[in-house]
Amino acid sequence: MAHLYANENFPRKVVELLRAVGHHVLTTLEAGNAGRAIPDSEVLAYAVHTKRAVLTLNRRDFIRLHRDAPNHSGIIVCTQDPDVARQARRIHEAISAETDLAGKLIRVNRPPG
């Protein structure tokens, strides 16, 4: 299962559901980095240092970071989905389809409708 670092804006319920299916998810709060206005580049650097893929709703900034510095442990950018179970399932399916997340940008979009 994947080792993930959930950015501060990421829904806690989705984190819990991902943990329930076996993913190792560390939150910004658990890492002692919540509420500190840490720049996205440092969030990514922390994830690289801890060998975790970033899990975020901050699509624009992390897509840019991927383009500028593609040597990372993975970035999963998601759109907000009010159906947290569906969001967790879609993330799980997307990352389970990969053999290695390193250097990859994975987009998990809410289905239309």
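Computation of the quantities below employed the complete heavy-atom set of this structure, encompassing side-chain atoms and omitting hydrogens, waters and symmetry-equivalent molecules. From a predicted model like this one, the values you see are computed outputs, not experimental measurements. Heads up: numbering here begins at 1 and tracks the sequence.
Between R52 and E30 there is no salt bridge, since no side-chain nitrogen of the basic residue lies less than 4.0 Å from a carboxylate oxygen of the acidic one.
When atom types are taken as modelled, the side chain of S73 and the backbone of K51 share no donor-acceptor pair closer than 3.5 angstrom.
Interatomic distance, CG of L26 versus CG of L55, reported as 11.5 Å (0.5 Å rounding). Taking CG of L44 as the start and CG of N71 as the end, the distance is 10.0 Å to the nearest 0.5 Å. To the nearest 0.5 Å, the span separating CG on L29 from CZ on R12 amounts to 7.5 Å. Interatomic distance, OG1 of T56 versus CZ of F10, reported as 8.0 Å (0.5 Å rounding). Here the straight-line distance linking atom CG of L105 with atom CZ of R59 works out to 8.5 Å at 0.5 Å rounding.
A side-chain N or O of D40 and one of N58 form a donor-acceptor pair less than 3.5 Å apart.
Residues L17 and L57 fall within the same hydrophobic cluster, defined by Ile, Leu, Val, Met, Phe, Trp and Tyr side chains chained together at heavy-atom separations under 4.5 Å. In the hydrophobic clustering of this structure, V14 groups with I76; members are Ile, Leu, Val, Met, Phe, Trp, Tyr whose side-chain heavy atoms approach within less than 4.5 Å, directly or through other members. Residues V15 and V108 fall within the same hydrophobic cluster, defined by Ile, Leu, Val, Met, Phe, Trp and Tyr side chains chained together at heavy-atom separations under 4.5 Å.
Looking at every heavy atom in both residues, R19 comes nearest to V25 through NH2-O, 2.6 Å. Scanning all heavy atoms of the two residues, the minimum distance from R107 to I63 falls at NH1-CD1, 3.4 Å. Closest heavy-atom contact between E98 and I106: CG-CD1, 3.8 Å. Residues S41 and L65 come closest through the heavy atom pair N-CD1, 3.9 Å. In this structure, T28 and A6 approach most closely via the heavy-atom pair OG1-O, 2.8 Å. Of all heavy-atom pairs between G22 and M1, the closest is O-CB, 2.9 Å.
Annotation: side chain of N7 is in contact with side chain of F62 (closest heavy-atom distance under 4.5 Å). By the 4.5 Å heavy-atom criterion applied to side chains, K104 and I75 are not counted as neighbours.
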Side chains of residues 85-95: which donor-acceptor pairs under 3.5 Å do they make with residues two or more places apart or in other chains?
from: R86; atom 1: NE; to: D81; atom 2: OD2; distance (Å): 2.8
from: R86; atom 1: NH2; to: D81; atom 2: OD1; distance (Å): 2.7
from: R86; atom 1: NH2; to: D81; atom 2: OD2; distance (Å): 3.2
from: Q87; atom 1: NE2; to: T79; atom 2: O; distance (Å): 2.9
from: R90; atom 1: NE; to: N109; atom 2: O; distance (Å): 3.1
from: R90; atom 1: NH2; to: N109; atom 2: O; distance (Å): 2.7
from: H92; atom 1: ND1; to: H23; atom 2: NE2; distance (Å): 2.7
from: H92; atom 1: ND1; to: S96; atom 2: OG; distance (Å): 3.4

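Within 6.0 Å of atom CG in D68, more than 12 heavy atoms from other residues, nucleotides or ligands are found, so the atom counts as buried in its surroundings.
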